[in-house]
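Here's the structure we're looking at; comments come further down.
Quick note: residue numbers are just sequence positions, from 1. Every value quoted in this text rests on a predicted model; they were computed, and no experiment measured them.
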Amino acid sequence: MLWITSLFLVVCLSTWLLVFPEARERIAAVLRRAMRSLGGRAARGGQRLAGRVDGTGRTVRKAGADTVTALSRHRWVLAIAIGLLCVPPLLILAFRQHVVLEGFSAEDLSESRTMIAELLRGERLVPPPPPPPAVFTTAEVRRVKPEIVTADRKWDRISPDLQQRVLAIYRVMRAQYGIEMVLVEGYRSPERQAELKRGGRATNAGAWSSCHQYGLALDSAPMRAGKLQWDMGDPWTKQAYFLYGELAQQAGLVWGGNWRMRDYVHVEMADECRRAKQARQRQGG
């Protein structure tokens, strides 16, 4: 706001000087008289100063009247200049707010952050009962996400720390937003990773390049009416995934929805995964 105000004053002064040539002349005359008065003796300078004060008062009054007239004459120029100054900061202030999807608010997310923190500090969370196996083998799943049909969904093969963070997210989404999340895939063997890459399905990463191989990543999906939801064109599904991503980041996880190649189902512990990869490289694996 300080920079905007300063810029506004500078532009106003510059516009005034550009629009009113007589203002420039009067300012220059006042400065010249002031400089000459400094070169005189004190007594004579004092007398001259007294005379000039009276003259300057008349000049200022006349300049004020002339300024009002000139402002009225150039009002459209000034209006455009003021508009150019005010519109950009107003647009910035209007659009810098956080985007909140319909169905939950910033206050809700603030409360969710607290809930996740309390859950992580409190009791050890237990994975929920898995849905029926048929949920992962429907005709729609085989058409849209065939790779998950044979995916590993065993919680005990996932890092305990990641387990607790994701289970806290699941509980908050269920209790606060009524959205049921389901584990789609956890641990992924190097052989499966290589197979998925060869088939061009779900990943571009080769064996040992994905955090899934270290138990430090997992994929989840929201479930509605007994079916897993994937369609990001559906408002409810889009809201569910973005809420999942927001809560994942609050829990200290990296969400694949922020990547260039969007992977909305994916969350991982990036720092721990990087260290695990480095340790494997040191061991010559």
Side-chain angles (χ1 to χ4, degrees), residues 101 103-104 112 116 127-128 130-155 157-159 161-174 177-189 192-193 195-197 199-206 209-270 272-273:
L101 296 171
F104 61 94
S112 300
I116 288 177
V135 168
F136 304 99
T137 58
T138 64
E140 181 183 7
V141 168
R142 293 181 182 277
R143 183 181 72 256
V144 179
K145 295 280 185 180
E147 66 275 5
I148 74 165
V149 174
T150 57
D152 188 312
R153 285 179 279 274
K154 297 183 177 67
W155 282 96
R157 305 190 73 176
I158 300 170
S159 160
D161 191 2
L162 178 59
Q163 280 187 43
Q164 292 302 297
R165 296 179 192 226
V166 173
L167 290 173
I169 294 169
Y170 282 13
R171 179 173 291 189
V172 170
M173 292 188 69
R174 183 188 313 111
Y177 304 102
I179 299 174
E180 192 73 31
M181 297 297 293
V182 173
L183 176 64
V184 170
E185 182 169 18
Y187 173 76
R188 187 184 294 162
S189 69
R192 175 174 167 78
Q193 185 74 32
E195 179 185 352
L196 291 176
K197 182 180 180 182
R201 295 180 296 165
T203 183
N204 290 323
S209 297
S210 169
C211 297
H212 283 278
Q213 272 86 83
Y214 305 92
L216 294 168
L218 60 80
D219 298 339
S220 304
M223 190 164 68
R224 180 175 57 172
K227 295 182 178 180
L228 299 175
Q229 304 298 309
W230 317 103
D231 182 13
M232 293 299 287
D234 173 60
W236 185 92
T237 303
K238 183 176 181 180
Q239 174 181 305
Y241 276 113
F242 273 85
L243 176 59
Y244 172 62
E246 179 71 23
L247 295 176
Q249 291 171 93
Q250 291 178 12
L253 303 175
V254 171
W255 178 47
N258 288 329
W259 295 346
R260 179 176 299 177
M261 295 183 63
R262 310 292 186 188
D263 191 358
Y264 297 106
V265 301
H266 182 95
V267 295
E268 65 181 42
M269 300 181 68
E272 290 78 357
C273 181

Measure the spacing between [atom1] of [X] and [atom2] of [Y] and express it to the nearest 0.5 Å.
X: Glu272; Y: Leu253; atom1: CD; atom2: CG; answer: 9.0 Å
X: Asn258; Y: Tyr264; atom1: CG; atom2: OH; answer: 9.5 Å
X: Arg153; Y: Ile148; atom1: CZ; atom2: CD1; answer: 6.0 Å
X: Met181; Y: Gln229; atom1: CE; atom2: CD; answer: 11.0 Å
X: Leu218; Y: Leu162; atom1: CG; atom2: CG; answer: 4.5 Å
X: Gln164; Y: Ile116; atom1: CD; atom2: CD1; answer: 12.5 Å

Tell me the closest heavy-atom pair linking [X] and [Y], and the distance in Å.
X: Pro128; Y: Leu167; result: CD-CD2, 3.6 Å
X: Val184; Y: Phe136; result: CA-CE2, 4.4 Å
X: Tyr187; Y: Gly215; result: CD1-N, 4.4 Å
X: Glu268; Y: Ala217; result: CB-CB, 3.7 Å
X: Pro127; Y: Gln163; result: CG-OE1, 4.4 Å
X: Ser220; Y: Tyr244; result: OG-OH, 3.2 Å

- Query: Is a side-chain N or O of Arg188 found less than 3.5 angstrom from the main chain of Gln193, in a donor-acceptor match?
  - Reply: no

- Message: Between the side chains of Arg192 and Glu185, is the shortest nitrogen-to-carboxylate-oxygen separation below 4.0 Å, so that they form an ion pair?
- Response: yes

- Determine, for Arg224 against Asp234, whether the closest basic-nitrogen to carboxylate-oxygen distance falls under 4.0 angstrom.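 Salt bridge between Arg224 and Asp234, a charged N being under 4.0 Å from a carboxylate O: yes.
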
If the condition is side-chain contact (heavy atoms from CB on, under 4.5 Å), which residues does [X] pass it with, not counting sequence neighbours?
X: Val135; value: Pro131, Pro132, Met223, Leu228
X: Glu180; value: Arg174
X: Ser209; value: Ala205

Minimum side-chain heavy-atom gap [X]-[Y] below 4.5 Å:
X: Leu183; Y: Pro130; answer: no
X: Met269; Y: Arg165; answer: yes
X: Leu247; Y: Met173; answer: yes

Apply ring-ring contact (aromatic ring centres under 6.0 Å, His included) to [X] and list each qualifying residue two or more places apart in sequence or on a separate chain.
X: Trp236; value: none
X: His212; value: His266
X: Tyr214; value: Trp208

- Could you go through the side chain to side chain contact (heavy atoms under 4.5 Å, CB included) check for Val267 and Ile169 one step at a time? CA-CA 11 Å; Val267 295; Ile169 294 169; 5.8 Å; no

- Tyr170/Val182 under side chain to side chain contact (heavy atoms under 4.5 Å, CB included): CA gap, chis, key distance, verdict: CA-CA 8 Å; Tyr170 282 13; Val182 173; 5.8 Å; no

- Query: Are Trp255 and Tyr241 near enough that their ring centres are under 6.0 Å apart?
  - Reply: no

